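Data first, discussion second: the structure below is written as structure tokens.
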2 protein chains.
Amino acid sequence: MAIERRTTRQKEAIKTVLDEQKGPLLPDDIHRLAIKTVPSLGIATVYRSLKNLQEEGLVCCVEIPGQAPRYERSDKGHHHHFHCRDCGQVFDLQKCVAGGLKNLAPAGFEVTDHEIILYGTCKACSS
Amino acid sequence: MAIERRTTRQKEAIKTVLDEQKGPLLPDDIHRLAIKTVPSLGIATVYRSLKNLQEEGLVCCVEIPGQAPRYERSDKGHHHHFHCRDCGQVFDLQKCVAGGLKNLAPAGFEVTDHEIILYGTCKACSS
DNA sequence: TTGATAGTGATTACCTTTTATCAATATAGC
DNA sequence: GCTATATTGATAAAAGGTAATCACTATCAA
């Protein structure tokens, strides 16, 4: 049978952090933010919770090339990301140009999904 | 002064492998292919050569999220990649929809460049 | 309140990719 | 051919991120 899940301050703090963000976070970011609520929180618990939240379908993994996986709520719908080269933060984008993408692939190639990442300077860093 | 470079069978074999490919290769792929020409080739030499070729501007790095860096000739011009989920290979794409991308970013965000990755099944794997 | 046990935190172990080491070898100028 | 030294290959070891361990703690049904 499935393992009985218990509600803990740690998991709640982690979920709250993920709820309040505008983009995907690194495990370390989550740890640093959630520790404000639960000072004793260990990094291992962050990894464990992320794993559980992923299995439960509440959180998904976002990967920027060359960087460690980030995590965000999975109920945001289809979207892509912007990576600020200045501060390193990743932001969610609202729109998608997926329509034009299908015909990028050569004949015989079946496109099932895609990833778009914009790079540049975020609002805070460019002002 | 700059270090004197010498021509070796190893470097030539690595460059030849990179010249003949249709997409970026993993260091391990390069090693496996180049070893046909120079059987004694060690993986360390592949890494060293890739580093040198990058510094010389002849080779650039391509990263697919969640995977190790791949390498390809840097004279291919602007293009993107297709990752086959079946065989794992990465292929170059010829076209780009960069035009529509600028307005994906919110106001205040400066987009300097972008990455597009298509996922699916390549021609060989889908037939 | 109590007890069974899921969860935690500190730490260690791990895994994969990449780099450093170093003796041996190959290159290129003379 | 000879020599100085750049390069190589096998190996060890680093680096970064993640998972396993284990004694202790917290949760929650009874």
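Lettering of chains follows the sequences in order, A, B, ..., and the numbering in each one begins at 1. Nothing here was measured: the structure is a model prediction, and the numbers come from that model.
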Nearest heavy-atom pair of A:C122 and A:C87: which atoms, and what distance?
SG-SG, 4.0 Å
Do NZ/NE/NH1/NH2 and the carboxylate oxygens of B:R73 and B:D92 come within less than 4.0 Å?
no
When hydrophobic residues are tied together by side-chain contacts of less than 4.5 Å, even through go-betweens, does A:L41 share a cluster with A:L18?
yes
Distance-only donor-acceptor test, B:R48 side-chain atoms vs D:dG9 base atoms, 3.5 Å:
yes
Does C:dT18 have its OP1 or OP2 closer than 4.0 Å to a side-chain nitrogen or oxygen of B:Y47?
yes
Closest-nucleotide 5' rank along DNA chain C - winner of B:R5 and B:A44
B:A44
Any side-chain donor near an acceptor of the partner, A:H83 and B:E115, under 3.5 Å
no
Using a cut-off of strictly less than 4.0 Å, decide whether A:T7 has a side-chain nitrogen or oxygen near OP1 or OP2 of D:dT27.
no
Nearest whole angstrom, please: distance from the C1' of D:dT25 to the CZ of A:R9.
10 Å
Whole Å only: how far is the CD1 atom of A:I43 from the P atom of D:dG17?
10 Å
Check the phosphate of C:dA26 against B:Q10, side-chain N and O only, distance under 4.0 Å to OP1 or OP2. Yes or no?
no
Spacing between B:E12 atom CD and C:dT27 atom C1', to the nearest angstrom
13 Å
Between C1' on C:dG9 and NE2 on A:H31, what's the gap in Å once rounded to a whole number?
9 Å
Rounded interatomic separation in angstrom, taking CG from B:L50 and P from D:dT8:
12 Å
Note: for B:P27 and A:K11 on DNA chain C, the residue whose nearest nucleotide lies more 5' is A:K11
Measuring to OP1 and OP2 of C:dT8, would you say a side-chain N or O of A:T8 lies under 4.0 angstrom away?
yes
Please determine, for the side chain of B:R6, which listed nucleotide (D:dA26, D:dG9, D:dT5) has the closest atom?
D:dT5
Below 4.0 angstrom, N of the basic side chain to O of the carboxylate: do A:D28 and A:R32 qualify?
yes
How long is the line joining CD of B:Q54 and P of C:dT19, in whole Å?
9 Å
Considering only D:dT18, D:dG9, D:dA19, which nucleotide approaches the side chain of A:P69 most closely?
D:dT18
Between C1' on D:dA26 and CG on A:L41, what's the gap in Å once rounded to a whole number?
15 Å
Contact under 4.0 Å: A:S40 side-chain N or O vs C:dT8 OP1/OP2
no
Provide, to the nearest angstrom, the distance between the CG atom belonging to B:L26 and the P atom belonging to C:dT16.
14 Å
